Student: 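Dropping a structure here in structure tokens format, bear with me for questions.
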2 protein chains.
Amino acid sequence: MSTATLPSATLPSDALAQRLADSGLRSTPQREVIYDVLLKKRDHPTADEVFARVKSELPTVSLATVYNCLETLVSCQLVRAVNFERGPTRYCPNLSPHAHFHDEQSGQTHDIELPPALLKKVHAVLPRGYDATSVEIIFRGKATRSSEQRAASSQPTRS
Amino acid sequence: MSTATLPSATLPSDALAQRLADSGLRSTPQREVIYDVLLKKRDHPTADEVFARVKSELPTVSLATVYNCLETLVSCQLVRAVNFERGPTRYCPNLSPHAHFHDEQSGQTHDIELPPALLKKVHAVLPRGYDATSVEIIFRGKATRSSEQRAASSQPTRS
DNA sequence: ATCATAGTTTGGAATGGTTCTAAATAGCAC
DNA sequence: GTGCTATTTAGAACCATTCCAAACTATGAT
């Protein structure tokens, strides 16, 4: 029903409901809110951070549910899980091929767009016999101008 | 002193003693055995696996020591720590720039040599303001011919 | 050699992120 | 509505890792 056959991949909730349905899963308030939270602030939050953000909307949500839902979203291909070193897993709703830059000063994570051509070259280093389904590229270092400054251009002193 | 000014970077124990000394650290039996264990079987073992291998030589070693020593080796730049997803950290004495291929069938990890030219291209995707000190490239997929077959039929493991 | 001192190792306790479990709840098909 | 299955929940369990305080070891000064 509703928007019918439109390829409405841009409407968060619909996209979610769609993808869930495709996997034979239900759309639930928890899943929707968690996905919205990821879309709203794309700062690669941890499960704990998502938990905190979701609680204001869904006060009785449990941490287990947050883990469950995030895992569900990952398995539906709506969200990517990223791991840095030993730190907690972070979640990111950016689906286009991208690398991650981990700023060691601020702890922040930035998406770095990856041109298809480069991706292809990267894959090309694999010898025969290696069949990769995915690549993860993680930079570590410092961002001399953080993405906030970049975006807002007038940030007061970072802690 | 002793072997004097020879750049004997190829002799495991000496290289170790040297690097440790450079950092003002002592060469200990535990550190030597642990480093040897990493050099002997380059299958990216976890701390637990290293622990098991070291025990046969140094039966009273403790797991904490294994963690300590591995961390020491990493900080001396003799060993690289690699993380896959949420799994335990794995250790690798291959210092040349390389990516990792994580075989999801066997759970094995293979080193993939990275040509400097590619590395440069990868770094080049970083916008101004991003200053990376390291890149980690991790492939995931299946290796149709395992590294054993590969190694048995060609290259010995040592660089 | 002897002692002091700093570097190391050790076992066990503690931590932190994540997963598991069993029971409660909610949504859909009939 | 009734029954069935998916989902959520709270809390326990888990596992890799780190922390801690005590025992040990090497080295340098005497």
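So that the names make sense, note that chain A is the first sequence line, chain B the second, and so on, each numbered from 1. Please read all numbers here as calculations on a predicted model, not as lab measurements.
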Student: After noting the C-alpha distance and the side-chain angles of A:Asn94 and A:Ser96, does the key distance pass the side chain to side chain donor-acceptor pair (under 3.5 Å) rule?
Tutor: CA-CA 6 Å; A:Asn94 179 351; A:Ser96 71; 3.0 Å; yes
Student: What residues in residues 60-71 of chain B put a non-hydrogen atom under 4.0 Å from any atom of DNA chain D?
Tutor: B:Leu63, B:Ala64, B:Tyr67
Student: Can you measure B:Leu16 atom CG to C:dT8 atom P for me and round it to whole angstrom units?
Tutor: 12 Å
Student: Within the pair B:Arg31 and C:dT8, is there a side-chain N or O less than 4.0 Å away from OP1 or OP2?
Tutor: yes
Student: Between A:Arg90 and A:Thr109, is there a side-chain donor-acceptor contact under 3.5 Å, judged purely by atom types and distance?
Tutor: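 A:Arg90 and A:Thr109 do not have a side-chain donor-acceptor pair below 3.5 Å.
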Student: Between the side chains of B:Thr65 and B:Asn68, does any donor sit under 3.5 Å from an acceptor?
Tutor: no
Student: Run the ring-centre check on B:His123 versus A:Phe139 and record whether the distance is less than 6.0 Å.
Tutor: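 Ring centres of A:Phe139 and B:His123 closer than 6.0 Å.
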Student: Are A:His110 and B:Tyr130 near enough that their ring centres are under 6.0 Å apart?
Tutor: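 Distance test on ring centres: under 6.0 Å, yes.
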Student: Nucleotide by nucleotide, 5' to 3', does protein get under 4.0 Å of the base (B), only the sugar-phosphate (S), or neither (-) in nucleotides 22-30 of chain C, counting heavy atoms?
Tutor: -----S---
Student: Does one side chain, of B:Thr72 or B:Ser75, offer a donor that lies under 3.5 Å from an acceptor on the other?
Tutor: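 There is no such pair (donor and acceptor under 3.5 Å, judged by atom type) between the side chains of B:Thr72 and B:Ser75.
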Student: Map B:Gly24 and B:Arg86 onto DNA chain C by nearest heavy atom, then report which one ends up closer to the 5' terminus.
Tutor: B:Gly24
Student: Check the surroundings of atom CD in B:Glu104: do more than 12 heavy atoms from other residues, nucleotides or ligands lie under 6.0 Å from it?
Tutor: yes
Student: Is it the case that the ring center of B:His100 lies less than 6.0 angstrom away from the ring center of B:His98?
Tutor: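 Ring centroids of B:His98 and B:His100 are less than 6.0 Å from each other.
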Student: Does a side-chain N or O from B:Gln30 land closer than 4.0 Å to OP1 or OP2 of D:dT25, or not?
Tutor: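 For D:dT25, OP1/OP2 do not have a side-chain N/O of B:Gln30 under 4.0 Å.
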Student: Answer with base, sugar-phosphate or nothing: what part of the nucleic acid does A:Thr46 contact at a heavy-atom distance below 4.0 Å?
Tutor: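 Since no nucleic acid heavy atom lies under 4.0 Å of A:Thr46, the category is nothing.
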